[in-house]
Amino acid sequence: MIGLLQAFSALRITGLNLFRAKNTEPLPWDGGRVRPERYRTSFALVHNSDGDEACIGCKMCEKICPSQIITVVPGGRAPSPNTGKPRGTAKDFTLDVNACIHCELCVQVCPEDAIVMLRVPEVPGFSREELFLSMEKLYANEKVPASWGTGALLIGMQAEGQPKPPPPPAKAAPPPATTAGVPEATPPAPAAGGGETP
Amino acid sequence: MTVPDDVTRLLAERFGLESGDPITVSRDRVVELGGALKEAGFTYLVYVACAHYPATDAEPDRTVAEYRVRRLPVDEVAFRVWVPTGESTPTLVPVFAGCDWQEREQFDLVGTIFAGHPDLRRIMLPEDWEGHPLRRDYDIATRHHPWR
Amino acid sequence: MSVILENPWLLGAVAGFVVINAMMVTAAWSIWFERKFAGAMQNRPGPTQVGWAGLLQPVADLLKLIQKEDIVPTNADRALFNLAPPLGMILVLAGLAVFPWAPGWVPADLDIGLLFILSISSLITIPVWMAGWASNNKYALLGGMRAAAQAVSFEVPLLLSALVPIILGGSLRLGDIVAAQADGRWFALWPPGPGSVAFVLFMLASLAEANRIPFDIPEAESELVAGITTEYVGMKFGLIYLAEYLHTAVSSLLGATLFLGGWDGPGPDGIHWLLLKSFALFAGIFWVRWTLLRYRADQFMALCWRVFVPVSLACVAVAAVWRVYA
Amino acid sequence: MDPENYDPEGDLMILNLGPQHPSTHGVFRVKLWLDGEVCIKAVPYPGYLHRGVEKLCEKLSYVMITPIVDKNDYVSPFINELAINMAFEALNAVETPRRANYLRTLGAEMQRVGSHLLWLGTFGLDMGGALGGGASVFMHCFRERELILDCFELWTGSRFHYNTLTVGGNRHDVPAGFAELVRQTYTLIGQRADEYDAMLVDNAIFRARTKGVGTVDAKLAMELGVSGPILRASGIDWDLRRDRPYAAYNEVKLDVPVRYEGDCFARYEVRMAELRESIRIVLDLIDGIPEGPICALKPVKLPGAYKGKVGQAYAAVEGPRGELGTWVIADGTDKPYRCKIRPPSYHAVSLIPYLAPGNNVSDIVVTLGSLDPILGEVDR
């Protein structure tokens, strides 16, 4: 009986909460919470400053993807329609968001900052096909607000302040056109492995 | 993690073993070592883990079972025993009750056989699963029932 | 009009129709109220999508339940399984027949009205046990067993605490009990002591009868999945669910009638006071429900026999002494 | 009664608690032999959530594993990442920068608060049901937990499966405005923690349901490898954060709460004390994060960016549920040869055959809830 009287302390808490502000919000279409700039959901492929498709088909994202959901078909080197310089191209690029774990590794390894993630809440699809991003869908997503992270920025953030300031920061600075078209040149550089302590 | 002095002494005097991380012990003395360590205060079982090593020129196809025990707060000792495939190693369930589920899991995933285990069934995978998936020779395309 | 009033059969039919429909609708919207209320307690809005502020949610729920496939488990006792939900509903609704809604508004003015309500509502254990047994499900069986044990235990303090207004009012007729509380001499307030304690005990025992938290062990969804309703789907489940809400509503109506003076109140007496009081009790029950945890079965049997029964006996004794000497 | 020689027609009832039972915290099955409602024997069957994480670890390179183990203990992904990356770093004796250590400590403590909040909510659900007071506790806890996820969202860009740690350090530095948000959030949660106590501990029903229920014997618990709050509630004063400090814990003041009763109520008390302690640590740490690099190694540009030296390593962290360890064998390639994850919940769940007999179904549900098993971690 005494114990039941003590229940009033619990009743007080729920009573208190009756007058608190609502904590939930209607979902996404009329919500409108501002997402932080690093917020990441789906994917987009972007064009670089020259107006070319930034992807050079180097297959780095395909190799790093833990879920193995990215498929890149390299298109070989071709002169850019805008600058005329030869650069790598991708013939096809598909990304199956059904199995994506949103780890951002593909963004981090991209040497051309070609793949970015989106900053808007993901809209669920009605079929598997809707979540399968083809190259057209990825380039169409370019118009959607993108997340902060790009390859160069992520690498820059991690390399910042490191005692030995080797390639990565230098790599982040110049516009993509300089290193374009030489995907074969990238692998040997960062493959140094672990073991270096500051 | 360095091995504490009293364990080094115990190993040298009673078992004639070299100390190390991990200590390698033969199959016929592993239960005795476990019991001795427990008497020495190592009553906390951290894990039992096995790994599979395929046959090489020098060694047959075998698995290693590693036991890690701890004397709170800091002292830690790992001892391992090599088990050729097809043979078994004595179970440590009588010494550490926790070896029950740990050894079952390792049997399930790696296929090390623990002789005398009270309940050596699969624990993670279905009863009718074929093969032990963490073996290096496990074919990832092994056929199994589609709903598993 | 006078034809209806003069013919008891016609009067019964009309009054029954009105009361039953009004209560069913009330129960349906009490679910909406509870969801909104619980939502507010948990800082969330509750139903919002169907109708303004989710007001049409009960209709949507009803449509959903009606559309569902009616599944009867293979090894269930088919007759009992199908009979249990409507039987529970009938028993709950039958109690409403003798309520004095307002001065002179009594569908069936029995002189043993209170006894009738209490005996009818104690019968509700039977459909609950039927549902538990007939489902041929272990969880349902455990739930049914718990329900039976609970009903047997809590019937005693319920009756004993209901005895206090009977002694004080000197009648088993609900109208007389309400009339005895006229002019604010509500039994929950006056005489001080037995009435108020008996009121609390009566409400707690009613919670147990209506399977509400903290005494909802027959359902106990975290332990018994859904207890007796595990195997029920569709409208059968809906009936059990609705019967539970109706039972809660009947309990709060009865509490308001026996202890809070029924239709009596400041200003003009009438049905509005009864409804207001019982709504307050109803909301209180939901407040308790969405705040407290659940007792274990044996613990709350012990609570019943060790605390509720002695205290209610004491209340009866004090009330009797008061009746004789004051 | 002897469970082996019972008469199934007359004596005992076999009840399958799970795999789809509301209070098994995931997909988990316990087979109970019941005499009336009292359990005679209990046999747990884990494995319904087995996803082969250890096999995946063998097939993926070191830098690709972090986002995978996020999903192991799906209530505290940050601490999963910390545990596995510490083991990988131990292979090559990589020393993480001081700022990374501080950020890791901060993240781990932030995550611990979130994890304990989720435990508290589900523990309430186990006792109060989805349509009762338990649901209120659950919603209140989730209300605060969402704020924690907001902090992580600002920091790492993801609400839950962050992938924010990498071998050698962190991937994300804290952004502007982070300290302010964390301070605000955790001060609020510190205040709200008193409300949970008022809702539960002050309530005689809660005390009656938890005191003396599911008592864990310390000696048995140690043999089973049970760790964390369960062990500390049984009177063993042992915490990896204090006794074998990792990350920046040697620079953090830490009080380890210990209770001696070993029952569900003691476990509740230990976890609530830890919750408050973690809030304090977060508030202490947030102002003192040193400047410097956040990653000791070059940022990952390739799957094979990190190669473990031949050998083996074991590293353990104190997760919200106890010792979360990783034992890894490296063979010099960019993939681990064998990677065993030692989940605390697996050891905790192995207590069930010892705890269940003699209790009735309600108590078993409460005991299971108080062990706080995360089935994703049990089954991996």
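Reckoned from all heavy atoms, side chains included, excluding hydrogens, waters and symmetry mates. Residue numbering restarts at 1 for every chain, and letters A, B, ... go by the order of the sequence lines.
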Per-residue contacts, residues 194-201 of chain D versus chain A, heavy atoms under 4.5 Å: D/Glu195, D/Ala198, D/Met199

Residue part contacting chain A, namely of D/Val63, when any heavy atom lies under 4.5 Å: both

Proximal component of A/Leu16, with respect to chain D [non-hydrogen, under 4.5 Å]: side chain

Any donor-acceptor N or O pair under 3.5 Å, side chains D/Asn163, A/Arg40: no

Straight-line distance of A/Ile13 CD1 to D/Ser136 OG, nearest 0.5 Å: 11.5 Å

Pick from D/Lys71, D/Arg192, D/Glu291 with the largest number of heavy-atom pairs that fall under 4.5 Å of chain A: D/Arg192

Nearest-0.5 Å distance, OG of residue A/Ser67 to CG of residue D/Leu56: 9.0 Å

D/Tyr162 portion near chain A, given a 4.5 angstrom heavy-atom threshold: backbone

Top of D/Arg159, D/Glu89, D/Glu146, D/Met139 for chain A proximity - count of heavy-atom pairs under 4.5 angstrom: D/Arg159

Side-chain (A/Arg38) to main-chain (D/Trp155) donor-acceptor, under 3.5 angstrom: yes

Best-contacting candidate, D/Met64, D/His172, D/Arg171, against chain A by heavy atom pairs under 4.5 angstrom: D/Arg171

Side-chain heavy-atom pair A/Gln158, D/Asn170 within 4.5 angstrom cut-off: no

Residue part contacting chain A, namely of D/Leu154, when any heavy atom lies under 4.5 Å: both

Heavy-atom side-chain proximity of D/Lys59 to A/Gln68 below 4.5 angstrom: no

Min side-chain heavy-atom separation D/Glu153-A/Arg35 under 4.5 Å: yes

Non-hydrogen atoms of D/Pro67 and A/Leu105 that approach each other most closely: CG-CD1, 4.2 Å

Non-hydrogen side-chain atoms of D/His161 and A/Ile101 separated by less than 4.5 Å: no

